[in-house]
Amino acid sequence: MNSSTALPRRVAVLGATGSIGGSTLDVIARHPDRFRASVLTAHSNVAALADLCIRHRPDLAVIADPTLEGELARRLLAAGVRCDIASGHEAITHAVSGSLCDTVVAAIVGAAGLDSTLAAARTGKRLLLANKESIVMAGPLLLEALAAGGGELVPVDSEHNAIFQCLPGGRPNLASSGVRRLILTASGGPFRGRSRAELAGVTPEQACKHPNWIMGRKISVDSATLMNKGLEVIEAHHLFGASPDAIEVLVHPQSLVHSLVEYVDGSVLAQLGNPDMRTAIAHALAWPARVEAGVSPLDLAACAPLAFEQPDLATFRCLALAFQALRAGGDAPAILNAANEVAVEAFLAGGLPFLGIADLVESVLTELPAQAVVDVQTLNERDRAARQAARRILRNAC
Ligand code: NDP
């Protein structure tokens, strides 16, 4: 919203039933004069989507699974909610491109969010990017779409949002801004400090118990393996134009310093705050203004001394693999991402040990060497090939 008389921003919340979706809707509900949730989408959690529609009264609700459209309609009719209903992935992309929203929160998990994220970029709307997998897969294509659409991307991932806040003008040319390095902080996840032997038998429940953040299961496992940080390194490369050598990862167990920017004069700027995604979401929704987010103030005096340490790349190999994929270039990050999604799914289903996640990702990267990124269609074919390779390797290992 540009002035006190402007209409509220109409926000499409993709992945509304998820962790980021819920935090976004919480911020939106605090500022009805500034923001309105005009489109809500989910995959298959029809009960949760219906509840959100009852609470937030969007213009359109989209359920990705078409077999659930009837049930969504019945639930909304019973609750007296009058909003349009659609289903299928194309309906999500269509909603993003249409006139019902001017802001899109891309918070679908995984590669399933790619098409809608690209569509939002092409339309020139404000894109709040949480779905890191889409920029990891298709960084150059997403940047092209953004440039063609003329819209703005504000990162929601807390590390990238922190960097955005520490850079002059958000996403400048790093070299001419005097930036030497971007320093991404990582909590280290629930298994920080453990040896490989100690990780051999860890369960999905243990992996999903993050010490500082409450998140969806996929990103929780990614945090435990440090693949999440690896994906974020690739995301930072694309968002800020930083070379792999200019991106450092530091483990910071308290998750209070969300990331830092080091300048050539020795200055290091950091963004701090309690670990609550509503800060980054509120910043991205209101930018360049600031709005209250419901987050408790940071009490620095009460915090234990802030600690930083180097990540253990030999134990948490996924981070090293992500750097390797970034350096290989082309579609290697997309191959990494696809293999990781299959591996995490298998781990969560009890079909792969925790340490097997990195092994599987490495095998797929070896089997499918990097190719140039040409277009979305080719990228989707490579994504499929990587998933097939990962599933075959998994089957053969059983
Ligand atoms: P959740 O698992 O909590 O939520 C995922 C959302 O995506 C749900 O609304 C789900 O719908 C929807 N969804 C899942 N699969 C599909 C599909 N095939 N088509 C359409 N919609 C789908 O995830 P998070 O909120 O934790 O994460 C969302 C994204 O944000 C991820 O990319 C993650 O990496 C990123 N992120 C998350 C952070 C966090 O704190 N959680 C922090 C920074 C980034 P349904 O409920 O119906 O299954």
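It should be emphasised that the depicted structure is a prediction, and the values quoted were computed from it without experimental measurement. Every number for a ligand or one of its atoms is a count from 1 in the order of the listing. For reference, positions follow the sequence shown, starting with 1.
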Note the single closest protein heavy atom to [atom], along with its residue, its atom name and the distance in Å.
atom	value
atom 5 (C) of ligand 1	V109 CG1, 3.7 Å
atom 26 (O) of ligand 1	G216 N, 3.0 Å
atom 10 (C) of ligand 1	T17 OG1, 3.9 Å
atom 33 (C) of ligand 1	I219 CD1, 3.9 Å
atom 44 (C) of ligand 1	D157 OD1, 3.3 Å
atom 29 (C) of ligand 1	I108 O, 3.7 Å

I'd like to know if [X] pairs up with [Y] as an ion pair, taking the criterion as any Lys NZ or Arg NE/NH1/NH2 lying under 4.0 Å from an Asp or Glu carboxylate oxygen.
X	Y	answer
E232	K229	yes
D102	R36	no
E205	K209	no
D383	R387	yes
D359	R317	yes
E367	R392	yes

Please list, in number order, the atoms of ligand 1 under 4.0 Å from a heavy atom of [X].
X	result
A112	17 (C), 18 (N)
A107	6 (C), 7 (O), 28 (C)
K132	32 (O), 34 (O), 44 (C)
A16	9 (O)
G18	1 (P), 3 (O), 4 (O), 8 (C), 9 (O), 25 (O)
A64	19 (N), 20 (C)
S44	45 (P), 47 (O)
A42	11 (O), 47 (O)

| Exam field: side chain D331 to backbone V373, donor-acceptor pair closer than 3.5 Å |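 Side chain of D331 to backbone of V373, a donor-acceptor pair under 3.5 Å: no, none is there.
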[X]-[Y] co-clustered via ILVMFWY side chain contacts under 4.5 Å:
X	Y	value
V109	L49	no
L313	F354	yes
M227	L394	yes

| message | Please tell me whether T378 and D375 have a donor and an acceptor in their side chains that are separated by less than 3.5 angstrom. | response |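 Per modelled atom types, T378 and D375 side chains form a pair under 3.5 Å.
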| field | Any donor-acceptor N or O pair under 3.5 Å, side chains T67, D65 | value |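 Yes, a side-chain donor-acceptor pair sits under 3.5 Å.
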| Any side-chain heavy atom of L128 within less than 4.5 Å of one from V11? |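 With C-beta onward as the side chain, the pair stays apart.
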Pick, from [options], the option with the minimum heavy-atom distance to [atom].
atom	options	answer
atom 19 (N) of ligand 1	E232, H89, E159	H89
atom 31 (C) of ligand 1	H210, E133, K218, H160	E133
atom 16 (C) of ligand 1	H43, R217, M215	H43

| said: So, 4.0 Å and heavy atoms of G21: is ligand 1 close enough to count as a contact? | reply: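 No, G21 has no heavy atoms under 4.0 Å from ligand 1.
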| task | Using the six-membered ring wherever Trp is involved, compare the ring planes of W287 and F164 and label them parallel, tilted or perpendicular (cut-offs 30° and 60°). | result |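 Rings of W287 and F164: perpendicular, over 60°.
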Give the contacting part of [X] toward ligand 1: side chain, backbone, both or neither, where contact means a heavy-atom distance below 4.0 Å.
X	result
S19	both
I20	both
S23	neither
A130	both

| message | Below the 3.5 angstrom mark, is there an N/O of N45, backbone or side chain, next to an N/O of ligand 1? | response |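 Yes, at least one N or O pair falls under 3.5 Å.
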